[in-house]
Amino acid sequence: QVQLVESGGGLVQPGGSLRLSCAASGSISSINAMGWYRQAPGKERELVAGITDGGSTVYGDSVKGRFTIARDNAKNTVALQMNSMKPEDTAVYYCNAVRVVVGGDMYPEVWGQGTLVTDHS
């Protein structure tokens, strides 16, 4: 079984910074891609940033230049550094892992429970 545990959410003022972390637990052999999604009230879940095991990254248009994703393949962790934050960054942020191999099993997609990020003065 695989679990993703997020940490680092909270309250931040506009222009401030926050760092989210996510750790995958279990007897994991490999994870193809990890990333962060977010869902604001009344909106659909959207991609924030993703990173492959090879280090290729992708960012949502609204966070390019402000957020940075990083991954430690050996520790099965992924972090999201959020700078120059805006009120519209307020959302529940979810950690995501794609094609997680545990022993002889492969989990196509795994989600964390979500962590709330609130940006307001």
Side-chain angles (χ1 to χ4, degrees):
Q1 189 173 357
V2 179
Q3 285 188 323
L4 300 179
V5 179
E6 301 116 332
S7 60
L11 179 65
V12 63
Q13 292 187 339
S17 297
L18 203 62
R19 183 177 178 86
L20 303 182
S21 297
C22 172
S25 64
S27 301
I28 297 170
S29 299
S30 64
I31 303 175
N32 178 226
M34 299 186 78
W36 293 91
Y37 287 73
R38 68 186 181 186
Q39 188 166 18
K43 295 188 177 181
E44 294 186 354
R45 191 173 296 190
E46 64 174 357
L47 173 70
V48 177
I51 184 168
T52 68
D53 51 3
S56 297
T57 59
V58 61
Y59 292 93
D61 288 341
S62 62
V63 307
K64 286 179 181 178
R66 300 188 298 121
F67 291 9
T68 302
I69 190 169
R71 175 176 173 175
D72 187 326
N73 290 333
K75 296 181 179 179
N76 294 317
T77 59
V78 64
L80 184 68
Q81 178 66 43
M82 304 184 289
N83 298 328
S84 302
M85 294 189 68
K86 305 175 181 179
E88 51 263 42
D89 293 323
T90 295
V92 177
Y93 284 69
Y94 296 91
C95 182
N96 171 267
V98 175
R99 287 191 287 280
V100 182
V101 178
V102 178
D105 296 324
M106 195 277 283
Y107 297 82
E109 192 166 41
V110 182
W111 290 92
Q113 80 284 356
T115 185
L116 179 63
V117 172
T118 304
D119 183 310
H120 69 80
S121 56

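These values consider heavy atoms only, across backbone and side chains, with no hydrogens, waters or symmetry-generated copies. Computed from a predicted structure; not experimentally measured.
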Atom pair [atom1] ([X]) and [atom2] ([Y]), whose distance is rounded to the nearest 0.5 Å:
X	Y	atom1	atom2	value
Thr68	Arg19	OG1	CZ	9.5 Å
Leu80	Met34	CG	CE	12.0 Å
Ser30	Met106	OG	CE	9.5 Å
Thr90	Leu116	OG1	CG	8.0 Å

Could you pull out the closest heavy-atom pair between [X] and [Y], with the gap in Å?
X	Y	value
Ala97	Leu4	N-CD1, 3.7 Å
His120	Leu11	NE2-CD1, 3.4 Å
Arg71	Asn32	NH1-O, 3.3 Å
Leu47	Trp36	CD1-O, 3.7 Å
Ala24	Ile28	CB-CD1, 3.5 Å

Where the side chain of [X] meets the backbone of [Y], is there a donor-acceptor pair that is under 3.5 Å apart?
X	Y	value
Glu109	Asn96	no
Glu6	Cys22	no
Tyr59	Ile69	yes
Asn73	Asp53	yes

Kindly work out whether a path of hydrophobic side-chain contacts (I/L/V/M/F/W/Y, heavy atoms less than 4.5 Å apart) joins [X] to [Y].
X	Y	value
Val110	Val48	yes
Val2	Ile51	yes
Val63	Tyr37	no

Count the heavy atoms belonging to other residues, nucleotides or ligands that lie under 6.0 Å from CD of Glu44, then report whether that count exceeds 12.
no
For Gln3, look at atom CD and say whether over 12 heavy atoms of other residues, nucleotides or ligands are found less than 6.0 Å away.
no
Answer yes if the side chains of Ser17 and Asn83 hold a donor-acceptor pair under 3.5 Å, and no otherwise.
yes
Answer whether the closest heavy-atom distance between the side chains of [X] and [Y] falls below 4.5 Å.
X	Y	result
Asp119	Glu88	no
Cys95	Trp111	no
Leu20	Met82	yes
Arg45	Val92	no

Output all residues satisfying side-chain contact (heavy atoms from CB on, under 4.5 Å) with Asp89, sequence neighbours left out; order by chain, then residue number.
Arg38, Arg66, Phe67, Met85, Lys86, Tyr93
